[in-house]
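Have a look at the structure below, then the notes.
Per chain, numbering begins at 1; letters A, B, ... match sequence-line order. Keep in mind that what you see is a predicted model, and the values were worked out from it rather than measured. No hydrogens, no waters, no symmetry mates; every other heavy atom, side chains included, goes into these values.
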Amino acid sequence: RKEVEQDPGPFNVPEGATVAFNCTYSNSASQSFFWYRQDCRKEPKLLMSVYSSGNEDGRFTAQLNRASQYISLLIRDSKLSDSATYLCVVLSTGGFKTIFGAGTRLFVKA
Amino acid sequence: EAGVVQSPRYKIIEKKQPVAFWCNPISGHNTLYWYRQNLGQGPELLIRYENEEAVDDSQLPKDRFSAERLKGVDSTLKIQPAELGDSAVYLCASRGGGNTGELFFGEGSRLTVL
């Protein structure tokens, strides 16, 4: 079993749609959680951190459920420019071992 | 402020040839990572440095891969000899101090082994 698992998609949605991605992690001692965005043939870039209380940044909302060991990302009012791969990232306790999921591909269509 | 710089951006070699990738992290970032990313997959950690010390190299195929970060700043990743399955993008990332955990990536070095 992989340490971080994501639905690879692809998710094909129309502009304006709401889409949600889930990610599960296996190490209950994991400390920090993030969503990164990766455009085609580009490097990953931090989209947002994920806090226990949940957090929102504009159209993006991230949630963490430690009991069930999953993380979610909700994108509201999807834009064409949201088309990318979204990587779930888990940071282990102490050693800053950073594990990436395989990513979920999103295509937003006009 | 300059970001993470990697070179070369692209490299095409024949199998059994050696290849080396270079990375210069963001100034002041003590933690440096080398990741390998295959098409359609997420980045997979090869090695992590804290300053000049390799603190996690458990995923580095040591029979053919080597890395160094002699002065705790820039780093080199080498493959010798390269195999067809080594074709991938090699990403370097760095992280500063504090507890943000954010990694800053270079643009990557795309390797094609023929």
Side-chain angles (χ1 to χ4, degrees), chain A residues 2-11 21 23-27 29-52 55 57 62 64 71 73 84-107, chain B residues 2-7 9-10 21 23-26 29-51 53-60 87-112:
Chain A
K2 293 184 177 180
E3 292 188 64
V4 179
E5 296 201 66
Q6 296 182 248
D7 180 346
F11 285 66
F21 307 137
C23 165
T24 59
Y25 60 95
S26 60
N27 186 350
S30 297
Q31 181 179 41
S32 302
F33 310 89
F34 308 88
W35 284 100
Y36 278 68
R37 171 191 168 128
Q38 186 171 25
D39 293 304
C40 187
R41 302 180 77 88
K42 297 288 189 181
E43 73 274 20
K45 293 183 178 179
L46 180 67
L47 176 66
M48 59 195 304
S49 302
V50 186
Y51 302 121
S52 296
N55 49 298
D57 183 0
L64 168 64
I71 308 147
L73 177 68
T85 296
Y86 292 84
L87 298 161
C88 174
V89 182
V90 174
L91 191 66
S92 67
T93 302
F96 288 102
K97 183 174 182 178
T98 307
I99 307 297
F100 284 76
T104 298
R105 297 188 71 185
L106 171 66
F107 294 101
Chain B
V4 177
V5 179
Q6 289 188 247
S7 68
R9 288 293 312 281
Y10 304 93
F21 305 113
C23 172
N24 193 31
I26 292 173
H29 280 195
N30 296 329
T31 308
L32 183 147
Y33 305 77
W34 281 104
Y35 284 88
R36 176 171 61 188
Q37 187 171 28
N38 291 304
L39 189 64
Q41 299 295 317
E44 296 176 323
L45 180 68
L46 291 174
I47 190 168
R48 173 170 63 92
Y49 283 93
E50 293 292 341
N51 299 302
E53 181 182 1
V55 296
D56 185 355
D57 63 356
S58 57
Q59 302 302 313
L60 190 72
S87 295
V89 177
Y90 291 84
L91 291 162
C92 179
S94 69
R95 182 180 62 80
N99 295 318
T100 66
E102 181 179 1
L103 268 62
F104 295 85
F105 284 87
E107 292 181 298
S109 294
R110 185 176 296 272
L111 174 66
T112 301

Output yes when a side-chain donor or acceptor of B:Y33 lies under 3.5 Å from a complementary backbone atom of A:T98, and no otherwise.
->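 Not confirmed, B:Y33 side chain does not pair with A:T98 backbone.
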Checking A:Q6 side chain against A:Y86 main chain: does a donor-acceptor pair fall under 3.5 Å?
->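 Checked: pair present.
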Heavy-atom pair with the smallest gap, counting every atom of [X] and [Y]:
X: B:R95; Y: B:E102; answer: CG-O, 3.4 Å
X: B:G108; Y: B:V89; answer: CA-CG1, 4.1 Å
X: A:L73; Y: A:L47; answer: CD2-CD2, 3.8 Å

Given heavy-atom pairs under 4.5 angstrom as the criterion, report whether the side chain, backbone, both or neither of [X] touches chain A.
X: B:L103; value: both
X: B:F104; value: neither
X: B:E44; value: neither

Do you know which of A:S49, A:P44, A:G103 has the most heavy-atom pairs with chain B at a distance under 4.5 angstrom?
->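 Going by pairs under 4.5 Å, I would pick A:P44.
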A:R41 portion near chain B, given a 4.5 angstrom heavy-atom threshold |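 Both parts, backbone and side chain.
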